Trainee: 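Pasting a structure here, questions to come.
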Amino acid sequence: MKREILFVDDEPNVLQGLQRMLRPLRDVWSVQFAEGGAAALKMMAEHRFDVVVSDMRMPGMSGSQLLSAVRDRHPEVIRIILSGQSEKEFILEAVTAAHQFLSKPCEAEVIKATITRACLLRDGVSSPGAQAVASSLKSLPVNPVVYAELCEQLTSDGAPLQKVGQTVAGCLGMSAKVLQLVNSAFFGLPRIVCSPAEAVVLLGADTMKSLTLSCQVFEPYAGDSQEMAWRDALWASSRDGAARAEARAQAKGLDARAVQAAVTAELLRDCGKLVLASQMPEAYAQVRERAPLLGWSAAEREVFGATHGEVGGYLLGLWGLPPAVVDAVIAHSAQDALLACAA
């Protein structure tokens, strides 16, 4: 079955150029083109699309506004922004609307690789409901204590970025979001960044302030005492696991980048649990009741038709995080299922 892709731009010449560039892919993609956001939403109301790729700067309805509407109306759709590197303020505006950012002009192979990987990861989540939950998420919920510490650092004078980076690296939700942004094509870095602390330094103080204080990307989680205790335990387990992963990787003599990839993968291994628990708390309460007997992944598949590794890996893949991290998160869930079967 062909992937259904919609490209949106307000300039007919740009759409014609995209059509010519993507013609070699006509055997695997069914591509349509919309001249502006309003036309795109009309087409989406009448036809199902897998992916929407939109220009950022358009009159009437910006790419950010369009993809926000797509997220709300068609949460299962993969959303990608095309933007020039001079449009930094627009990128921050779109950080909760778009899954990935590609810089203009963009080669056909880059577009093809980005869309193909995102669709393959979605195919790995067998439940359409779980696909939509992951795709519609603006950001992962963050630890309220860590969030308060970050706000204090960013509003005080002279807080070094290295300290801010350490704070962010201590939070699962914040780590995922800064890695999404710093690894986007918009920043044009020559290498993949796996370290949340390094990502903060590369993004800079102004961007971090915008993400935290203006864009309000980071949302502290809340709940009753039992829910908060469960999330705190999950959070502590992720940090402990990251510390163990660092020790193992260093003992093997891996280079610094490989060590950091292992640490980040372990830190984010259970992000799918946060996704499912924050978006469907009542259903996830059933998982928590059944998990001691069945194992987490088996209980999740029974309730949702998908595991936290599949959902978390899909989300991180949508956000463009390093493949090594994404694949490790997915594999973690598969290993959990094997252990449950062997018990």
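Everything quoted here is computed from the prediction, not taken from an experiment. One-based numbering along the sequence shown.
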Trainee: Which distance, rounded to the nearest 0.5 Å, do you find between the CG of Leu140 and the OH of Tyr221?
Mentor: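 Taking CG in Leu140 and OH in Tyr221, the distance rounds to 12.0 Å.
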
Trainee: If you compare all heavy atoms of Phe218 against all heavy atoms of Met174, which two are closest, and at what distance to 0.1 Å?
Mentor: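 Shortest heavy-atom separation between Phe218 and Met174 comes out as CE2-CA, 3.7 Å.
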
Trainee: Out of curiosity, Leu315 CG to Leu321 CG, how far, rounded to the nearest 0.5 Å?
Mentor: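 Between atom CG of Leu315 and atom CG of Leu321 there are 8.5 Å.
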
Trainee: Any sub-3.5 Å donor-acceptor pair from Thr212's side-chain atoms to Lys209's backbone N or O?
Mentor: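 Looks like no, no N/O pair under 3.5 Å.
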
Trainee: Please report the interatomic distance NE2(His308) to OG(Ser297), rounded to the nearest 0.5 Å.
Mentor: 5.0 Å

Trainee: Ser139 side chain to Val217 main-chain N or O, any donor-acceptor pair under 3.5 Å?
Mentor: yes

Trainee: Please step through side chain to side chain contact (heavy atoms under 4.5 Å, CB included) for the pair Lys273 and Asp270, ending with a clear verdict.
Mentor: CA-CA 5 Å; Lys273 292 181 180 179; Asp270 287 329; 3.6 Å; yes

Trainee: Treating Gln100 as the side-chain partner and Leu318 as the backbone partner, does any N or O pair qualify as donor plus acceptor under 3.5 Å?
Mentor: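 Such a contact is found between Gln100 side chain and Leu318 backbone.
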
Trainee: Can you check salt bridge (Lys or Arg N to Asp or Glu O under 4.0 Å) on Glu198 and Arg191, steps first, answer last?
Mentor: CA-CA 12 Å; Glu198 183 184 7; Arg191 59 182 175 81; 2.2 Å; yes

Trainee: Looking only at atom types and distance, does a side-chain atom of Thr264 sit under 3.5 Å from a main-chain N or O of Ala261, one as donor and one as acceptor?
Mentor: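 A pair under 3.5 Å: no.
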
Trainee: How many angstroms lie between atom SG of Cys271 and atom CZ of Arg269, to the nearest 0.5 angstrom?
Mentor: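 Interatomic distance, Cys271 SG to Arg269 CZ, rounded to 0.5 Å: 11.5 Å.
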
Trainee: Which pair of heavy atoms, one from Thr207 and one from Leu203, lies closest together, and at what distance?
Mentor: OG1-O, 3.2 Å

Trainee: Would you check if Val70 and Leu66 make a side-chain contact, meaning some heavy-atom pair closer than 4.5 Å?
Mentor: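 Yes - at least one pair of side-chain heavy atoms lies under 4.5 Å apart.
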
Trainee: Assess, by modelled atom type and distance only, whether the side chains of Asp123 and Tyr314 contain a donor and an acceptor separated by less than 3.5 Å.
Mentor: no

Trainee: Return the minimal non-hydrogen interatomic distance between Ala283 and Val303, and the atom names on each side.
Mentor: O-CG1, 3.7 Å

Trainee: Going by atom types alone, do Ser135 and Gln131 pair a side-chain donor with an acceptor below 3.5 Å?
Mentor: no

Trainee: Could you check whether Gln279 and Tyr284, counting side-chain N and O atoms only, form a donor-acceptor pair closer than 3.5 Å?
Mentor: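 On atom types as modelled, these side chains do not qualify, holding no pair under 3.5 Å.
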
Trainee: Please determine whether a side-chain nitrogen of the Lys or Arg among Arg239 and Asp232 lies less than 4.0 Å from a carboxylate oxygen of the Asp or Glu.
Mentor: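 Here Arg239 does not pair with Asp232 in a salt bridge, since their nearest N and O are not under 4.0 Å apart.
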
Trainee: Might you confirm whether atom NZ of Lys2 has over 12 heavy atoms from other residues, nucleotides or ligands at distances under 6.0 Å?
Mentor: yes

Trainee: Once side chain to side chain donor-acceptor pair (under 3.5 Å) is applied, what residue pairs with a partner in residues 19-36 remain, sequence neighbours excluded?
Mentor: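 Listed by first then second residue: Glu4-Ser30.
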
Trainee: Taking the side chain from Thr116 and the backbone from Ala113, do they hold a donor-acceptor pair closer than 3.5 Å?
Mentor: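 Answer holds: no.
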
Trainee: Determine yes or no for a side-chain-to-main-chain donor-acceptor pair under 3.5 angstrom, with Ser54 supplying the side chain and Gly63 the backbone.
Mentor: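 A pair under 3.5 Å: no.
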
Trainee: Given 3.5 Å as the limit, does a donor-acceptor pair link the side chain of Ser237 with the main chain of Ala233, or not?
Mentor: no

Trainee: Applying ring-ring contact (aromatic ring centres under 6.0 Å, His included), can you list everything that pairs with Tyr147, at least two apart in sequence or on another chain?
Mentor: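 None.
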
Trainee: Taking the side chain as C-beta and beyond, is there a heavy-atom pair between Val51 and Val77 under 4.5 Å?
Mentor: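 In short, these two side chains do not touch, never coming nearer than 4.5 Å.
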
Trainee: State whether Glu310 and Arg301 are salt-bridged, where the test is any N-O pair (Lys NZ or Arg NE/NH1/NH2 against Asp/Glu carboxylate O) under 4.0 Å.
Mentor: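 Result for this pair is yes, salt bridge flagged.
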
Trainee: Taking the side chain from Glu246 and the backbone from Ala243, do they hold a donor-acceptor pair closer than 3.5 Å?
Mentor: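 Side chain of Glu246 to backbone of Ala243, a donor-acceptor pair under 3.5 Å: no, none is there.
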
Trainee: Within the 4.5 Å heavy-atom criterion, are Val133 and Val311 side-chain neighbours or not?
Mentor: no

Trainee: For the residue pair Val53 and Ile115, establish whether any side-chain heavy-atom pair is separated by less than 4.5 Å.
Mentor: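 Sidechains of Ile115 and Val53: in contact.
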
Trainee: State whether a side-chain donor-acceptor pair under 3.5 Å links Arg57 with Ser64.
Mentor: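 Short answer, no.
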
Trainee: Check for a donor-acceptor pair, side chain of His99 on one end and backbone N or O of Arg79 on the other, with a separation under 3.5 Å.
Mentor: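 The answer is yes, because a donor-acceptor pair under 3.5 Å joins these two groups.
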
Trainee: Apply the test side-chain hydrogen bond (donor to acceptor under 3.5 Å, both in side chains) to residues Ser238 and Glu266: give CA-CA distance (whole Å), side-chain angles for both, the deciding distance (0.1 Å), then the verdict.
Mentor: CA-CA 7 Å; Ser238 296; Glu266 194 67 20; over 6 Å; no

Trainee: Which heavy-atom pair separates Leu268 from Leu172 by the least distance, and what is that distance?
Mentor: CD2-O, 3.4 Å

Trainee: Closest approach of Gly317 and Leu121, non-hydrogen atoms and distance?
Mentor: CA-CD1, 3.4 Å

Trainee: Is Thr96 reaching over with its side chain to a backbone N or O of Lys138, donor-acceptor style, under 3.5 angstrom?
Mentor: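 No, because the side chain of Thr96 does not come within donor-acceptor range (under 3.5 Å) of the backbone of Lys138.
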
Trainee: What pairs meet the side chain to side chain donor-acceptor pair (under 3.5 Å) rule with one or both residues in residues 174-190, with sequence neighbours excluded?
Mentor: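 Qualifying pairs, neighbours excluded: Lys177-Gln180.
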
Trainee: Can you see which heavy atom on Asp72 is nearest to which on Pro75, and at what distance?
Mentor: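 For Asp72 and Pro75, the tightest heavy-atom pair comes out as O-CD, 4.3 Å.
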
